[in-house]
Amino acid sequence: MSRPLPIALVQAPSRPAKAPLSGFVEDVEQVLARFPHTRLAVYPELHLCGVDGPPTSTEQLQEAAEPINGPRSRRLAELAGDLGVWLVPGTVCERGENGELFNTAPVYSPDGRLAAAYRKIFPWRPHEPYDPGDRFVVVDLPGIGRLGIAICYDAWFPEVARHLAWLGAEAIVNPVMTTTADRSQELVLARANAIVNQVFVLSVNAAGPAGTGRSLVVDPEGRVRTEAPDSAATTVTDVLDLDDVTRVRTFGTAGLNRMWDQFTDADTPLDLPLYGGRIDPGRWRPRTG
């Protein structure tokens, strides 16, 4: 059995926060015209909230913030519905219920609704002014599978990918706006997170002149399926089969390693002093839809 998911990762420069949303609408329409089989389109971190100067331009980011159910979100939901696709428009500045500033990745469904919204748990401190989110987010694509969302620096914390996989994510979407010299390390982390959790990882970075690009797709065994070679604007396309996750978890990475079957019900729980918690064998295996 196959569960295909045609994807388009749009490696592009950030759009100015004050630019009309109509320009983004046109861009998505053009991408879908070029790649009409796309079912999931993903853009980089803060793609719709580009500001002048460094990421610490807090005042401009505050000005760009809207509630998650605000007019920008309603228009993006309408766009996804009009095109009949799953849309992750990168991340946006979200104004929280109590005035917080969140870096949030919304997910819009083909029926024109906000299906999920994930607030970045690990802002890149001390450089980013965002308030941290407080929960992991997965979203079901009916008939296809389950996605988990992580934003940029989240990838440096293995707890994020592990919890998303435990919640049943078969692919982790990772919008990124990396402008610094550590993109090479992020490529290693994308493969490592895919390997140790047996999931697809989709890391889409901003294009130049600010972003360092090199967006990529990694399979559940850690192999790079496709990758942008540099920082030039481009669209990385692929067709994932989410049943590959089932295959790898059933037979093991390289036909050998089945980490999610490591524990038996007879094993003693393992204390985790760092977290003040423990691994309970009875709770170890990932959830299913």
Side-chain angles (χ1 to χ4, degrees), residues 2-15 21-48 75-92 105-112 114-116 118 139-152 169-178 187 190 194 199-208 211-220 223-242 244:
S2 178
R3 289 182 288 137
L5 176 60
I7 63 170
L9 309 183
V10 185
Q11 179 173 291
S14 298
R15 301 182 63 85
L21 199 56
S22 58
F24 177 69
V25 171
E26 293 174 2
D27 182 71
V28 179
E29 291 173 341
Q30 291 172 4
V31 169
L32 269 293
R34 290 177 59 205
F35 308 106
H37 296 295
T38 299
R39 301 298 299 137
L40 171 67
V42 185
Y43 284 76
E45 181 183 20
L46 295 175
H47 182 67
L48 297 177
R75 181 65 186 95
L76 292 171
E78 180 183 349
L79 173 62
D82 289 344
L83 296 176
V85 297
W86 290 93
L87 175 64
V88 181
T91 73
V92 296
V107 182
Y108 299 97
S109 70
D111 59 1
L114 176 65
Y118 166 69
V139 58
D140 286 325
L141 280 55
I144 300 174
R146 182 172 291 176
L147 300 183
I149 312 297
I151 299 172
C152 201
E170 297 164 295
I172 296 175
V173 176
N174 183 219
V176 175
M177 187 178 71
T178 296
L187 303 183
V199 295
F200 286 97
V201 172
L202 287 54
S203 178
V204 54
N205 191 16
T212 53
R214 299 185 69 186
S215 302
L216 80 166
V217 177
V218 185
D219 80 2
R223 294 179 292 237
V224 176
R225 290 177 56 90
T226 183
E227 178 182 0
D230 52 33
S231 64
T234 187
T235 299
V236 175
T237 61
D238 200 353
V239 180
L240 314 183
D241 181 359
L242 296 189
D244 279 351

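- Put simply, the side chain of Leu141 reaches to within 4.5 Å of the side chain of Leu147, judged on heavy atoms.
- Residues Arg39 and Pro6 are in side-chain contact: their nearest non-hydrogen atoms beyond the backbone lie under 4.5 Å apart.
- For Asn205 (side chain) and Gly213 (main-chain N/O), a donor-acceptor pair under 3.5 Å exists by modelled atom type.
- In this structure, Glu29 CD and Leu79 CG are separated by 6.5 Å, a value rounded to the nearest 0.5 Å.
- Remark: Arg34 CZ is loosely packed, at most 12 non-hydrogen atoms of other residues, nucleotides or ligands lying under 6.0 Å away.
- Looking only at side-chain heavy atoms (C-beta outward), Pro89 and His47 stay at 4.5 Å or farther from each other.
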- [ ] Starting from the C-alpha separation in whole Å, work towards a yes-or-no answer on side chain to side chain contact (heavy atoms under 4.5 Å, CB included) for Tyr108 and Glu78.
- [x] CA-CA 9 Å; Tyr108 299 97; Glu78 180 183 349; over 6 Å; no
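- Looking only at side-chain heavy atoms (C-beta outward), Val236 and Leu216 stay at 4.5 Å or farther from each other.
- Shortest non-hydrogen contact noted between Ser109 and Ala80 is O-CB, 3.4 Å.
- Looking at Leu9 and Asp238, their side chains never come closer than 4.5 Å, going by heavy atoms from C-beta outward.
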TODO: For salt bridge (charged side-chain N to carboxylate O under 4.0 Å, His left out), just list the numbers for Arg225 and Asp219, CA-CA rounded to whole Å, side-chain angles, deciding distance to a tenth of an Å, and then say yes or no.
DONE: CA-CA 7 Å; Arg225 290 177 56 90; Asp219 80 2; 5.4 Å; no
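- Listed for the Thr212 side chain is a donor-acceptor partner under 3.5 Å among the backbone atoms of Thr178.
- In this structure a side-chain-to-backbone donor-acceptor pair under 3.5 Å is missing from Glu45 to Thr91.
- The OG atom of Ser215 sits 9.0 Å away from atom CD of Glu227, with the distance rounded to the nearest 0.5 Å.
- Across all their heavy atoms, Leu46 and Ser14 have their closest contact at O-OG, 3.6 Å.
- With a 4.5 Å cut-off on side-chain heavy atoms, Leu114 and Pro106 count as touching.
- Of the inter-residue distances, the one linking Arg15 atom CZ with Tyr43 atom OH reads 9.0 Å to the nearest 0.5 angstrom.
- Minimum heavy-atom separation, Gln11 to Ala232: NE2-O, 2.7 Å.
- Scanning both residues, Val10 and Val204, for their nearest heavy atoms gives O-CG2, 3.6 Å.
- With rounding to the nearest 0.5 angstrom, the CD1 atom of Ile7 is 9.0 Å from the OG1 atom of Thr38.
- Using modelled atom types, no side-chain atom of Glu170 and backbone atom of Phe200 make a donor-acceptor pair closer than 3.5 Å.
- A donor-acceptor pair is defined here as one N or O able to donate and one able to accept, closer than 3.5 Å; no such pair exists between the side chain of Arg214 and the backbone of Ala228.
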Open item on the list: With side chain to side chain contact (heavy atoms under 4.5 Å, CB included) as the criterion, how do Asn174 and Val176 come out once you've worked through the C-alpha distance, each side chain's angles and the decisive distance to 0.1 Å?
Closed with: CA-CA 6 Å; Asn174 183 219; Val176 175; 3.4 Å; yes
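- Between the Asp241 side chain and the Ser2 main chain, no donor and acceptor come within less than 3.5 Å of each other.
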Task: Ile149/Ile172 under side chain to side chain contact (heavy atoms under 4.5 Å, CB included): CA gap, chis, key distance, verdict - done: CA-CA 6 Å; Ile149 312 297; Ile172 296 175; over 6 Å; no
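- Listed here is the closest heavy atom pair of Ala150 and Tyr118: CA-CE2, 3.9 Å.
- The shortest non-hydrogen separation linking Thr237 to Thr226 is O-CG2, 3.9 Å.
- Leu202 places a side-chain heavy atom less than 4.5 Å from the side chain of Leu240.
- Side-chain atoms of Leu76 and Phe24, non-hydrogen and from C-beta on, do get closer than 4.5 Å to each other.
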Open item on the list: Go through it in stages, so that I can follow the logic: the residues are Trp86 and Leu5, the test is side chain to side chain contact (heavy atoms under 4.5 Å, CB included), and I'd like the CA-CA distance, side-chain angles, deciding distance and then a yes or no.
Closed with: CA-CA 10 Å; Trp86 290 93; Leu5 176 60; 5.7 Å; no
